[in-house]
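I have placed the structure first, in the form of structure tokens, so that the comments after it can refer back to it.
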Amino acid sequence: LQECYRSLDRLSYAEKRSLAVQAKEEYRRLPDTERLQLLDVLQSGTLPVPRDLRESMIAEFNSIGPAGPGNERRRE
């Protein structure tokens, strides 16, 4: 777990931004309840993610409105 944290921490600013944007696209596909859970976990700081990456992800996630019909990932 510590090695994963260190790997994330060593990413450049551009790489962290790219990762946050990719995470935003996955976040967009989640149902509202899962979005809220993920956002709560991120905001609590309990995930072992570097602060700058966590803040970028939170900002990206907050830029998305609530999930609506057609925005949720279809589960089969």
Side-chain angles (χ1 to χ4, degrees):
L1 195 58
Q2 289 178 347
E3 184 57 35
C4 290
Y5 179 92
R6 284 192 288 266
S7 294
L8 289 172
D9 200 35
R10 286 191 290 258
L11 294 175
S12 69
Y13 174 78
E15 290 169 321
K16 289 178 182 178
R17 290 290 306 139
S18 176
L19 188 58
V21 169
Q22 290 173 29
K24 173 185 175 178
E25 293 311 312
E26 291 302 316
Y27 180 80
R28 183 187 312 274
R29 294 180 181 99
L30 294 174
D32 283 342
T33 54
E34 290 181 31
R35 283 186 189 184
L36 290 173
Q37 290 172 351
L38 181 54
L39 193 56
D40 285 344
V41 169
L42 264 180
Q43 290 173 330
S44 73
T46 56
L47 279 180
V49 176
R51 177 181 278 171
D52 57 343
L53 178 57
R54 180 171 45 91
E55 290 174 355
S56 291
M57 290 174 71
I58 291 169
E60 290 293 335
F61 293 177
N62 280 330
S63 72
I64 298 174
N71 291 337
E72 295 180 0
R73 176 180 285 156
R74 296 202 169 137
R75 305 197 186 240
E76 298 178 18

Quiz item: Quick one: salt bridge (charged side-chain N to carboxylate O under 4.0 Å, His left out) pairs with a partner in residues 47-57, sequence neighbours left out?
Solution: Lys16-Asp52

Quiz prompt | Partners meeting side-chain hydrogen bond (donor to acceptor under 3.5 Å, both in side chains) with Gln37 (sequence neighbours left out) | solution = none

Quiz item: To the nearest 0.5 Å, what is the distance between CD (Glu25) and CD (Glu60)?
Solution: 8.5 Å

Quiz item: Among Arg28, Gln22, Lys24, Arg29, which one satisfies side-chain hydrogen bond (donor to acceptor under 3.5 Å, both in side chains) with Glu26?
Solution: Arg29

Quiz prompt | Sole candidate of Leu42, Asn62, Leu39 that passes side-chain contact (heavy atoms from CB on, under 4.5 Å) when paired with Met57 | solution = Leu42

Distance-only donor-acceptor hits, side chain of residues 43-50, under 3.5 Å, sequence neighbours excluded:
residue : atom : partner : partner atom : Å
Ser44   : OG   : Val41   : O            : 2.7
Ser44   : OG   : Thr46   : N            : 3.3
Ser44   : OG   : Thr46   : OG1          : 3.0

Quiz item: Got a sec, which pairs hit ring-ring contact (aromatic ring centres under 6.0 Å, His included) with one end in residues 23-52, sequence neighbours left out?
Solution: Tyr27-Phe61

Quiz item: Under a single-linkage definition using a 4.5 Å side-chain heavy-atom cutoff for Ile, Leu, Val, Met, Phe, Trp and Tyr, are Ile58 and Ile64 assigned to the same hydrophobic cluster?
Solution: yes

Quiz prompt | With sequence neighbours excluded, residues passing side chain to side chain contact (heavy atoms under 4.5 Å, CB included) with Gln2 | solution = Arg6

Practice problem: Could you list the residues that satisfy side chain to side chain contact (heavy atoms under 4.5 Å, CB included) with Thr33, not counting sequence neighbours? | Solution: Pro31

Exercise. Starting at CZ of Arg17, measure out to CG of Leu53 and round the result to the nearest 0.5 Å.
Key: 10.0 Å

